[in-house]
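Heavy-atom basis, side chains included; hydrogens, waters and symmetry copies ignored. Each chain gets a letter, A, B and so on, in the order the sequences are listed, and its residues count up from 1.
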There are 2 protein chains.
Amino acid sequence: MNIGEAARASGISAKMIRYYETVGLVPPAGRTEAGYRTYTARDVDTLRFIRRARDFGVPMERVKLLVGLWQDKDRPSREVKEVALRQVAELEAKIAELTAMKDALAELASACHGDNRPDCPILRDLAGASCSAAHPAPTLHSAKTGERFGGNRSA
Amino acid sequence: MNIGEAARASGISAKMIRYYETVGLVPPAGRTEAGYRTYTARDVDTLRFIRRARDFGVPMERVKLLVGLWQDKDRPSREVKEVALRQVAELEAKIAELTAMKDALAELASACHGDNRPDCPILRDLAGASCSAAHPAPTLHSAKTGERFGGNRSA
DNA sequence: CATGGGGCTTCCCACCATGGGAAGGTCAAG
DNA sequence: CTTGACCTTCCCATGGTGGGAAGCCCCATG
């Protein structure tokens, strides 16, 4: 099985399979005499495992951890659950952050006429919360967590 | 006002101010004879405007658009509102995506004993949804939007 | 047997924002 | 005049992913 077939079978692009190999997420694939990478059904299982973990937004470092646990038949499920719950917590944090942004912006937008007149509370707010001070809505404009952890996968 | 003072006054790092200049988000700053960048109070206002927009997760391209609208005293508020609502829609899409991930993973985790035994439904699911088929929960495992639009700002 | 097309290989570049750091010039206070 | 804080430009890294070039390989068809 060459890399193209493995890619189709696993749902991971050939590009990414090579990348995963370079960063050590998967061990180096076997090679034909001509230098082509070869994959076994077991290799494809691993790749599929990785893809599903990535579908949950799990960053690669954590995927590496999960693959290790998966392959260790004696792992305590406690460890797996800890990793999963950490992931859930980070997703929740990210969701909360985005939700705060969304709510604040949606509220601003709802205050905007959206007509041909130039007057616009959205721009007024962006230009300086200090000006339009004292309206009760939580202005965001501070408190950002500053994470990253992707979550950006174009399948 | 040099770049350090402008950075403190605007809340944007000096690094990022220079970067914004190179990508054309802000016009080139004035320079002293020695080559130091100089900033006026107006420049700092613009930088603050940018920071606040970024706090809403607005990507740079969109920020550029907003700055343009802000500086055009005759813009119709309709245009500004459209941009804001587009942003809200993208935030919502991202939130929905993360929430789907979070819910699916949280459900899996809740099914895991989390003790010293190796048996783990989380790993079983990751190893192949086809095996543990037919459980009613929406398995995610498909349908990803694949966006990016940051939203990652460490203030 | 030759040729063509589709695969594979490696390598570099791009994205989006941001931070880190090196090497060297400048400014102001002591 | 020295010291230290600042400024300048330049390169590199992140996290994942895609694009593409240059070159080799394999198979099938004429």
Exercise. Report, as a single string ordered 5' to 3', how protein heavy atoms within less than 4.0 Å touch nucleotides 20-27 of chain C: B base, S sugar-phosphate only, - not at all.
Key: BB---BBS

Exercise. Return no unless some side-chain N or O of B:Arg54 is found under 4.0 Å from OP1 or OP2 of C:dT18.
Key: yes

Quiz item: Taking DNA chain C as the partner, which of residues 63-71 of chain B come within under 4.0 angstrom of it by heavy atom?
Solution: none

Quiz item: For B:Tyr20 and C:dT18, is the shortest distance between a side-chain N/O and OP1 or OP2 below 4.0 Å?
Solution: yes

Quiz prompt | Test item: B:Leu91 and B:Gln87 side chains (from C-beta on) under 4.5 Å apart, heavy atoms | solution = yes

Exercise. For B:Arg18, answer base if it contacts any base atom (sugar-phosphate contacts may also be present), sugar-phosphate if it contacts only those atoms, and nothing otherwise; contact means non-hydrogen atoms under 4.0 Å.
Key: base

Practice problem: Can you tell me the distance, in whole Å, between the OH atom of B:Tyr39 and the P atom of D:dC6? | Solution: 16 Å

Quiz item: Taking NZ, NE, NH1 and NH2 as the nitrogens, is one of them in A:Arg62 or A:Glu90 under 4.0 Å from a carboxylate oxygen of the other?
Solution: yes

Quiz item: Does a side-chain N-to-carboxylate-O contact under 4.0 Å join B:Arg117 and B:Asp115?
Solution: yes

Self-check item: side chain to side chain donor-acceptor pair (under 3.5 Å) involving A:Arg8 - partner list, sequence neighbours excluded
Solution: none

Quiz item: Taking CD1 from A:Ile3 and C1' from D:dC24, how many angstroms apart are they, rounded to a whole number?
Solution: 16 Å

Self-check item: Polar contact flag, side-chain donor to acceptor under 3.5 angstrom, A:Arg37-A:Asn2
Solution: no

Practice problem: Starting at atom CZ of A:Arg31, determine the distance to atom P of D:dC26, rounded to an integer number of angstrom. | Solution: 14 Å

Quiz item: Is the shortest side-chain N to carboxylate O distance from B:Lys64 to B:Glu61 below 4.0 Å?
Solution: yes

Exercise. Find the distance B:Met1:CE to D:dC6:C1' and express it as a whole number of Å.
Key: 15 Å

Quiz item: Please give, in whole Å, the distance from C:dC8 C1' to A:Glu21 CD?
Solution: 13 Å

Quiz item: If Ile, Leu, Val, Met, Phe, Trp and Tyr residues are connected whenever their side-chain heavy atoms lie under 4.5 Å apart, and connections chain through other members, are A:Tyr20 and A:Met1 in the same group?
Solution: yes

Quiz item: Hey, does the side chain of B:Arg37 come within less than 4.0 Å of D:dT8's phosphate (OP1/OP2), counting only N and O?
Solution: yes

Exercise. State, yes or no, whether a side-chain contact exists between B:Ser10 and B:Ile17 at a heavy-atom distance under 4.5 Å.
Key: yes

Practice problem: Give the rounded distance in Å between these two atoms: CD of A:Glu61 and P of D:dT14. | Solution: 11 Å

Self-check item: Pair B:Arg48 + B:Asp45, salt bridge at N-O below 4.0 Å
Solution: yes

Quiz item: B:Ser13 side chain N/O closer than 4.0 Å to the phosphate oxygens (OP1, OP2) of C:dT18?
Solution: no

Quiz item: Just how far, in rounded Å, is C1' of C:dC16 from NZ of B:Lys94?
Solution: 13 Å

Quiz item: When the distance from CD of B:Glu90 to P of C:dC16 is rounded to whole Å, what number comes out?
Solution: 13 Å

